[in-house]
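Fair warning: this is a prediction, and the values are worked out from it, not measured in the lab. Order of appearance sets the numbers: ligands from 1, and atoms from 1 within every ligand. For reference, positions follow the sequence shown, starting with 1.
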Amino acid sequence: MYDPLSAENQLALQQAWRQLQEVARQELQLDSLEGQKQAPALDIQQAFASDGKRQQRFSREAAGLYVDYSRHAITPALWSGLVTLAKTAGVEAAAQKMFTGEAINHTEGRKVLHSLLRSETCSTEAVSAEYQQVQQVDERLAELVEQVRTGQRCGYLGERFTDVVNIGIGGSDLGPAMVTEALTPYQSALKVHFVSNVDPSHLVNTLAELNPVTTLFVVASKTFTTLETLSNATSARAWLQHAAGVGEDISSHFVAVSSNVEKAQAFGISRDSIYPMWDWVGGRYSLWSAIGLPIALAVGWENFQALRRGAASMDQHFLQAPLDDNLPVILSLLEVLSVNLLGMQSHAVLPYDQNLSQFPAFLQQLTMESNGKRVDREGSVLARASCPVVWGAAGTNGQHSFHQHLHQGTQSIPVDFLVPLQSHNPLDDQHVHLVTNAMAQAKALLFGKSTQQATKELLQQGCSLEQAEELAAHKVLPGNRPSLTIAFERTTPETLGALIALYEHKVFVSSVIWQLNAFDQWGVELGKQIGTSIYQEIQIRRGGVDAVTAFDPSTEALLQRLLKTEQCPPLTSPIRPKEAREVPAC
Ligand code: F6P
């Protein structure tokens, strides 16, 4: 059961926070420590000038990832205060608890064992039962992947599958979709698609390109109760039955991944096509489980294993490296510095890799569904801010959009640059341009452009002194804006696995420092409950029955409009199958 920090350790933690704030006050010359969204008062450029070893001092490498955090507003003394905070918060002990299967998700009474899914061995007896379960499901998954990819498992007319549609949302979509795209160079001819939104356009647009006879559906839902997933799966089943003439037996075209085997069976999926997961795997941490099936179908079982191996090597680093050298701890401490000492509530993550363009969306769920919390593990309102808003987009696209705000906006926003040094698609010097741009952005954020430089440039461009002085202010970039760079050789399954695990553990470390539970998500439930009650009321009123439930005026007005304009077509009509394509028979 949940074991809170002892009273003594709580006192030590409060003391570590006070000492850290004092060091920050001195080192960063801050008057007010919380709530100020300006650039840090520490002159980072000056810190480089006065410490020839700064770059080496504040960079580390593990599991194929090189992390340079020397451009953050840290000094050796401040860093030491942050590391002491992590130690005092009990990060090492908490990591042990997670890996050895304590029920650290105490509000749901659950273990948190996603790391076990990628572990090659079972290091402790305490989790051996779970380890056995993983091995058994893995055997079945590997077999299915092989069968689908080689054409041994076919559709009901004996034709080889050309397309897989994963139907799932949140953790049952974002991780697999992000990884599948990130590993595009490893994909085979089998095309994997993802449908998540309850908006029918998502399903209709996807199916419009597909032949039902050669399409396999993976219904991915831990609970098998999620509205979006069940709605899309039901429509997909109807499409299959009507467009392909499958009839009642859809079993050859549907597999499920779920911890709710009964519900999946009731949907019509045969028991031997249901791949279980367990309550000790959180949705947003589940891509390593059978939820990763679409990844394995797209890139093959061996590449899926390589992804897991990369993550496992980050797990070992997290468990073994001293806090000061520990990449997840380092990333978390930079977050604590930014949020709690510098008052920054926004965090941009910018992959300079088109194939990683879904990484920010994946990271949003991982970070904000985990740490977007306002009370600590004991239910008391947090004394300090917790999770920042995480966002981002692939470089260089963002440079022609929101980078304006990063460079000249009134807020200073810490940035993580993710940079593969090699491309899978070398094309002239395009990749060198890509990496150069990442380097240039980090440099521009730090060094900025002074009034003097701006004025000089304007004069060189032929402006009069008066014009130059007038325009200069608009061209100034204040600089001193923090960033870190994570560089790796290439986006391979291994490096991607390590990168994901790095951020998973970073989120965990922050949760330990903030003393909150990163593994529940009660905040998303209320909207689901209200949605259900509104839908029930719509069903009642459709028959001309008077209102049963009184809603607030704003909801009521929109409801009235919806009832006036509502369309309710039969399930199959909007989804027209594409002409059957030529496919090799099994
Ligand atoms: O609504 C949030 C959430 O519960 C996520 O945590 C989860 O990943 C997602 O919904 C999907 O849930 P399921 O896999 O049970 O369909």
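Contacts between Val524 and ligand 1 below 4.0 angstrom, taking non-hydrogen atoms only, involve the side chain exclusively.
Shown in contact with Thr223 at under 4.0 Å from a heavy atom are these atoms of ligand 1, numbered in order with element: 13 (P), 15 (O), 16 (O). Every atom of ligand 1 with a heavy atom of Ile169 under 4.0 Å away is listed here by number and element: 9 (C), 11 (C).
Side-chain contact check for Thr214 and Thr162: at least one donor-acceptor pair (N or O, by modelled atom type) lies under 3.5 Å. With 3.5 Å as the limit, one finds no donor-acceptor pair spanning the side chains of Asn260 and Ser258.
Any N or O atom pair closer than 3.5 Å counts here, and Glu525 shares no such pair with ligand 1. The shortest N/O to N/O separation between Ser172 and ligand 1 falls below 3.5 Å.
Across all their heavy atoms, Asn166 and Ala220 have their closest contact at OD1-CB, 3.8 Å. The shortest non-hydrogen separation linking Lys506 to Leu331 is CG-CB, 3.6 Å.
Atom CG of residue Leu203 and atom CD1 of residue Ile167 lie 6.0 Å apart, to the nearest 0.5 angstrom.
Between atom 3 (C) of ligand 1 and the options Lys222, Glu369, Arg284, the minimum heavy-atom separation is to Glu369.
At the shortest separation from atom 13 (P) of ligand 1 among protein heavy atoms lies Thr226 OG1, 3.3 Å. When only non-hydrogen protein atoms are considered, atom 1 (O) of ligand 1 lies nearest to Lys528 NZ, 3.1 Å. Regarding atom 8 (O) of ligand 1, its nearest protein heavy-atom neighbour is Gly171 N, 2.7 Å.
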Next item on the list: Run the numbers on Arg542 and Gln539 for side-chain hydrogen bond (donor to acceptor under 3.5 Å, both in side chains), then give the verdict.
Entry: CA-CA 5 Å; Arg542 263 178 185 156; Gln539 287 179 305; over 6 Å; no
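Aromatic rings from Phe359 and Tyr503 are positioned such that their centres are separated by under 6.0 Å.
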